[in-house]
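Okay, so here's the structure we're looking at.
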There are 2 protein chains.
Amino acid sequence: EKVIVRAITDDRAVRKISILGVPDKPGVAAHVFRVLGDQGVNVRLIVQAQSHDGHNDITFVVPSDAPLEDSDLQNVVNTVGGKSWLMDDKVALLNVVGEGITREPGIAGKIFSVLAEEGVNIEAISSSNLVITCVVAEESLEKGARALHAALIETD
Amino acid sequence: EKVIVRAITDDRAVRKISILGVPDKPGVAAHVFRVLGDQGVNVRLIVQAQSHDGHNDITFVVPSDAPLEDSDLQNVVNTVGGKSWLMDDKVALLNVVGEGITREPGIAGKIFSVLAEEGVNIEAISSSNLVITCVVAEESLEKGARALHAALIETD
Ligand SMILES: C[C@@H](O)[C@H](N)C(=O)O
Ligand SMILES: C[C@@H](O)[C@H](N)C(=O)O
C-alpha cells in the first residue's frame, strides 16, 4: 500500500447530534454552526450527505461536556424550520490518519472491512485527505481500535 | 481567531455519487468501498450522516474521469440491498484548510455564512481537524472560493 497509515486515534468522550429535516437552502448550515460558535461549542466533526426532496440532515459530533442544552437544539430546529433533533452520547470516534489516505484506492474499503469483521456498525463517516473518521458505538470502540491497529499498523 | 486558515483550495473536476437506502449494518460500507478500491477509483471524500429506520445513504466524491460505470453503481446497490444511486457531475469541492480548524468555535459558522451570503447552497459537508470541505454546485465555485478567500485569508 502506498499510503502509510501513521496512526489510529480514538475519542470516547463525545456525543453525536443530528438536526433533521432542515430546508436544503443557503443559510441553514450557517445558522446551526453560528449558534454553536456563539456558545463556544468545539465541534469535532461535521457530516452532511445527500439531500432528499429539498431537505437534509446535518450531523455533528461535540465533546460530551459541550455547553449545549436540549433547548438550544430545539431553538435551532425551530429557527431554521427543521423537523427534529437527535442526540446520542454512547458513541465514539475512530480516526485513521495517513497522508493522502483517501487517495489510496482500497484503503477505505480495508478500514471498513476490518471494522465489519469485528461486527462494528459504522454510524457515520467523514473523510479528508489526511484522516478517515468513523463514528461507532462506544461499546465497539475498543475492539474496533484494536483490530484497526493490528491490520494497519502492526502488520508493517 | 485562534485558527489560522492556511489555504482555500478547490476542485471542479469531480462528481458526487450517493448510494441510497442501504441497510445500516456492518459490512455495507466495506462492500461499497472494496468495489471502488478494486476498480482503482480514487475517492476524494466520503460522507455518511444520520441513519433512519435501519437504513442510510453513503455519499462520496470521485474525480470526473474515475473508472466507474453506471452498471458498477447498480451492481453495488443490488449487492448490498440498497434502494438506488444518484450521480451529479456538476459539483465542485471547496476546502478550507487550517490546523485544528474544527476546534475553533465559530469558524464553521463563519465559513458557511460567507457561502450563504453569496447564495451558495452547501450540498454536502465533511470536516476533520485540518480541513472543512463543502460540496457546492460547480457554477457556484468561483464566487464561493473568492468570497472565502476575501473573508478568511485576505483580511489578515
Ligand atoms: C442543509 C444546509 O447545508 C443547506 N444546504 C445550506 O447551505 O446551509
Ligand atoms: C451504512 C453503513 O455504513 C453500515 N452502517 C456499515 O457499517 O457498513
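Just so it is clear: chains get the letters A, B, ... in the order the sequence lines come, proteins before strands, and each one is counted from 1.
Annotation: maximal heavy-atom pairing with chain A below 4.5 Å, among B/T133, B/V47, B/V62, occurs at B/V47. Options A/D38, A/V43, A/N129 differ in how many heavy-atom pairs under 4.5 Å they form with chain B, and the most are formed by A/V43. The candidate from A/A116, A/A49, A/P63, A/S51 with the greatest count of non-hydrogen atom pairs under 4.5 Å with chain B is A/A49. Annotation: maximal heavy-atom pairing with chain A below 4.5 Å, among B/N121, B/T59, B/V135, B/L86, occurs at B/N121.
Checked by atom type and distance alone, the side chain of B/S126 pairs as donor or acceptor with a backbone atom of A/S127 at under 3.5 Å. Put simply, the side chain of B/Q48 gets close to the backbone of A/I122: a donor and an acceptor are under 3.5 Å apart.
Under the 4.5 Å side-chain heavy-atom criterion for grouping Ile, Leu, Val, Met, Phe, Trp and Tyr, B/V136 is connected to B/V96 within one hydrophobic cluster. Residues A/M87 and A/F60 share a hydrophobic cluster, clusters being chains of Ile/Leu/Val/Met/Phe/Trp/Tyr side chains in contact below 4.5 Å. Taken together through direct or relayed side-chain contacts under 4.5 Å among Ile, Leu, Val, Met, Phe, Trp and Tyr, B/V5 and B/L148 form part of one hydrophobic cluster. Following chains of ILVMFWY side-chain contacts shorter than 4.5 Å, one cannot reach A/L45 starting from A/L115, and the two form parts of different hydrophobic clusters. Two different hydrophobic clusters hold B/F112 and B/V91 under the rule that ILVMFWY side chains link at heavy-atom gaps under 4.5 Å.
Contacts of residues 69-84 of chain A with chain B at a heavy-atom distance below 4.5 Å are absent; not one residue qualifies. When the heavy atoms of residues 28-36 of chain A are compared with those of chain B, the residues falling under 4.5 Å are A/A29, A/A30, A/F33, A/R34, listed by number. Taking 4.5 Å as the heavy-atom cut-off, the residues of residues 8-19 of chain B that approach chain A are B/K16, B/S18, ordered by number.
Between B/G119 and A/P26 the shortest heavy-atom distance is O-CG, 3.7 Å. Closest approach of A/A108 and B/I46 over heavy atoms only: CB-CD1, 3.8 Å.
Interface remark: A/V131 contributes side-chain atoms only to the contact with chain B (heavy atom separation under 4.5 Å). Residue A/D24 touches chain B through both its backbone and its side chain, counting heavy-atom pairs closer than 4.5 Å. Both the backbone and the side chain of A/S113 have a heavy atom closer than 4.5 Å to some heavy atom of chain B. Proximity to chain B (any heavy atom under 4.5 Å) is shown, for A/I111, by neither the backbone nor the side chain. A/E123 touches chain B through its backbone: at least one of N, CA, C or O sits under 4.5 Å from a heavy atom, while the side chain does not. With a 4.5 angstrom heavy-atom cutoff, A/L130 touches chain B only via side-chain atoms.
The CD1 atom of A/I125 sits 5.5 Å away from atom CD1 of B/I58, with the distance rounded to the nearest 0.5 Å. Here the CD atom belonging to A/Q50 is positioned 12.0 Å from the CG atom belonging to B/N56, to the nearest 0.5 angstrom. Here B/N95 contributes atom CG and A/S128 contributes atom OG; the two are 9.0 Å apart, rounded to the nearest 0.5 Å.
Side-chain contact between B/E104 and A/N42 is absent, with no heavy-atom pair separated by less than 4.5 Å.
The number of heavy-atom neighbours closer than 6.0 Å to CD of B/Q39, taken from other residues, nucleotides and ligands shown, is above 12.
The salt bridge (charged side-chain N to carboxylate O under 4.0 Å, His left out) contacts involving residues 47-62 of chain A comprise nothing, where partners must be two or more places apart or lie in separate chains.
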